[in-house]
Amino acid sequence: MKFRPLHDRVLVRRVEADAKTAGGIIIPDSAQEKPSEGKVVAVGSGLKDDNGKTTALDVKKGDKILFGKWSGTEVTVDGEELIIMKESDILGIIEK
């Protein structure tokens, strides 16, 4: 299935966090928090203003991003858990 977000929405795949601390302690799944980092899978066409002009999004497919803990809505696309959120829920782009 192909999925394309509408307007200023972004489809994100969570980046899995390490299961070990810096000291080598293994953290069980039940104690791990959901990571707030992700990779952009797809983006919408942009936000339309009152005049009908479309403003492009600042993020693009492939960007690694940081988002709020409670941001977006979890959806399942082709059996994969993804998050769909508005661009305004994204806190920033992680540069390499």
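These numbers were taken from a predicted model, which means no experiment stands behind them.
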Checklist entry - Are V41 and I84 linked, directly or through other ILVMFWY residues, by side chains that come within less than 4.5 angstrom of each other? => result yes

Checklist entry - Picking from E81, E74, E37, what satisfies salt bridge (Lys or Arg N to Asp or Glu O under 4.0 Å) with R14? => result E74

Item to check | Exercise: identify the closest heavy-atom pair between K39 and V15 | outcome: N-CG2, 4.0 Å

Next on the checklist: According to side chain to side chain contact (heavy atoms under 4.5 Å, CB included), who are the partners of E80, at least two apart in sequence or on a separate chain?
Outcome noted: R13, L82

Checklist entry - Which heavy-atom pair separates G38 from F67 by the least distance, and what is that distance? => result N-CE2, 3.7 Å

Checklist outcome for this item: From the list V75, I83, V43, side chain to side chain contact (heavy atoms under 4.5 Å, CB included) partner of L11 resolves to V75

Checklist entry - Tell me, which pairs form a salt bridge (charged side-chain N to carboxylate O under 4.0 Å, His left out) where one or both residues lie in residues 44-58, sequence neighbours left out? => result none

Checklist entry - Hey, mind stepping through K86 and R9 against side chain to side chain contact (heavy atoms under 4.5 Å, CB included) and telling me if it holds? => result CA-CA 4 Å; K86 288 190 170 239; R9 288 183 176 78; 3.8 Å; yes

Item to check | For the student: nearest non-hydrogen atoms of M85 and G72, plus distance | outcome: CB-CA, 3.7 Å

Checklist entry - With sequence neighbours left out, what residues match D63 under side chain to side chain contact (heavy atoms under 4.5 Å, CB included)? => result V40, V59, K60, I65, I93

